[in-house]
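Residue numbers begin at 1 in each chain, while the letters A, B, ... track the order of the sequences.
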Amino acid sequence: MQKKIIIIKRWWIFISIALGRTLRADWSLLSNALMGLLTMTIVHGLQLSATWALLSQLSPESLFPYLGQQGALLVAWGFIGIAADGLRRLPLTIENGEFESCLGAPLPPLLLAALSASSVISFTDLLLGMILIILTAQLNINAALIALICIPMEFFVFTSLFILGGAASLRMRRGGAVGDFLVFTTLTLSSFPSVAGFQGKSRLLLFLSPALFTAYLPFQSLNAKVNLITPTIVILIATFVAILFMFFSIHIFSLALKKAEFSSLVRMRH
Amino acid sequence: MGAIKTIIVHEVKDVFCHPTPILMRCLTMPIYVVTLASIWNGLRSKAGLPITFPTLIYFVLTQTMLDSFVSRFSLSSLVINFEAALTRPIPWSIQSGAQAFARTSAQLFFMGILGQGVLALCGYTTENNFLILLRWFTVIPFIAFVDSLLTLIFTCIFLKIGKSDGLRFILSKSMLALGGGLYPLLQAGTWNQLLLQLPFADLIFQTAHFCLFGKPYGISLGIWIFRICSWSLVLILLSQIIFNSTRKNFLMGNGG
């Protein structure tokens with residue numbers, strides 16, 4: 001038991017140091033960071049205002065569930081960017097050989113790779129997400145609470161997708177494209193008001209993709225006109241499933257890692 | 001003139017001989033197109049409004065344009081060749097403009113045929129599919145010309161401040177959100193009326209509308225062409241100002 005506590009303590013120290021250093025490194029290029037923050041604010045503002053205009057004309061009742069869902073999505077996406085931006089770059093680091101440096105340390109390589117980068121620009125996502133959740137709270141306090149509960153679920157789903165992308169990179173050439181495609185599809189379906197708009201067969205796209213967790217469930221829970229308990233239970237169960245999905249993707253990654261051939265080995269052979 | 005012809009032929013050949021970036025984009029584009037078309041159709045039918053607008057073709061056209069505007073490949077090619085281009089006896093803006101124009105035209109031509117081909121294979125055909133394609137080929141020079149001017153401006157910005165990704169991202173999102181890339185600007189309302197006055201709508205929404213129906217939305221063909229020419233003139237002036245300012249501070253061989 002004591003040994004486990006020591007290990008957890010070491011991990012915690014490692015995570016806090018890694019996070020501090022990578023964020024400081026990103027922040028040291030101040031002009032780049034400020035430009036990035038400004039760019040992302042404008043970009044998010046543009047997309048949200050256009051979608052707001054569309055929904056207020058055609059489906060005003062979908063506005064506040066959409067706001068809350070976007071808030072949860074942006075906060076989850078921002079957390080990944082700040083704490084584990086290395087995951088977003090995982091396929092690239094595998095393809096260019098940087099990942100090999102993570103194999104020599106007495107820590108899980110995936111954790112090392114995830115913590116190897118942080119993005120200061122992701123603070124914009126976090127801040128904007130929080131603003132959207134606060135706006136939702138002004139309209140409906142229960143919906144804002146559900147949006148907050150949705151954040152971990154979305155975080156685990158996106159993390160799993162990045163890890164699966166990494167596993168694909170380990171097993172096949174340009175496998176990162178598979179991961180990119182998965183993330184792109186999920187993000188596209190989640191960042192537009194697809195749950196409000198999709199009808200008939202097109203809804204299948206939401207059910208059969210990870211957007212079920214990042215778009216459909218958050219939107220429907222926020223839109224639920226019942227008490228707070230039912231949607232909360234649904235989201236908690238979905239979060240549990242998302243955690244299982246993450247462990248599954250970690251397992252797949254570990255299996256792929258065992259059979260992977262790295263460039264140094266290939267170089268040695270030829 | 002011979003040199004310009006060589007540049008154009010080389011760029012067109014390059015697009016057709018190395019189609020991987022375009023084909024890779026064709027993997028993700030259907031997701032975007034289907035999502036946006038389903039949202040627009042679904043919201044309209046929920047609101048009890050009729051769906052008479054060919055949304056699927058509209059989004060194929062707009063996404064093709066958005067994908068080709070100020071492409072990373074054109075930009076990096078112009079940045080790398082900037083120094084060498086200055087030493088040639090042809091003005092930089094003409095040779096680089098020709099290069100960007102040829103690349104975008106070829107890309108729009110290729111993607112236009114590919115998009116319509118995929119739609120036809122999926123069984124999504126209308127009676128005037130051929131006419132849409134013909135109109136698309138007609139507008140390609142105009143769009144490619146505006147794009148080449150934008151590419152020149154962004155190249156100069158990159159050479160001046162060492163970065164242009166952020167501004168490029170803002171431009172592409174403005175085209176998407178304000179130009180009719182997210183939804184057709186057909187719905188009456190002050191927001192849409194405002195958007196229709198902006199250059200983004202003239203370039204994206206009105207171009208797609210022209211391809212679909214043979215006329216721009218809410219204005220005459222003459223006024224639309226006049227507006228495109230006016231925006232082009234503004235961009236020509238802007239590109240010259242930024243180029244002169246970049247050339248003044250540019251150090252050949254990094255000043256070494």
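Taking 4.5 Å as the heavy-atom cut-off, the residues of residues 201-221 of chain A that approach chain B are Ser202(A), ordered by number.
Contact record, Val43(A) with Lys173(B): CG1-CG, 3.4 Å, taken as the closest heavy-atom pair. Leu43(B) approaches Ala196(A) most closely through the heavy-atom pair CD2-O, 3.8 Å. The nearest pair of heavy atoms linking Thr35(B) to Phe198(A) is O-CE1, 3.4 Å. When all heavy atoms are compared, the tightest approach of Tyr183(B) to Ala53(A) is OH-CB, 3.7 Å. Taking each heavy atom of Leu46(A) and Ala177(B) in turn, the nearest pair found is O-CB, 3.6 Å. Taking all atoms of both residues into account, the shortest heavy-atom contact from Leu58(A) to Ala47(B) is O-CB, 3.6 Å.
Taken from CG in Leu185(B) to CG in Leu54(A), the straight-line distance is 10.0 Å, to the nearest 0.5 Å.
Most heavy-atom pairs under 4.5 Å with chain A, from the set Ile170(B), Val34(B), Asn41(B): that is Ile170(B). Most heavy-atom pairs under 4.5 Å with chain A, from the set Leu167(B), Leu176(B), Leu36(B), Leu195(B): that is Leu36(B). Between chain B and the residues Ser62(A), Gly200(A), Pro193(A), the most heavy-atom pairs under 4.5 angstrom are made by Pro193(A).
Residue Ser49(A) touches chain B through both its backbone and its side chain, counting heavy-atom pairs closer than 4.5 Å. For Leu38(A), no part lies near chain B; criterion is any non-hydrogen pair under 4.5 Å.
The aromatic ring centroids of Phe192(A) and Tyr32(B) lie less than 6.0 Å from each other.
The number of heavy atoms from other shown groups lying within 6.0 Å of CZ (Phe79(A)) does not exceed 12. Around CZ of Phe184(A), the count of heavy atoms belonging to other residues, nucleotides or ligands within 6.0 Å exceeds 12.
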Lys46(B) vs Gln199(A), side-chain hydrogen bond (donor to acceptor under 3.5 Å, both in side chains): CA-CA, chis, key distance, verdict:
CA-CA 9 Å; Lys46(B) 255 182 169 178; Gln199(A) 284 188 330; over 6 Å; no

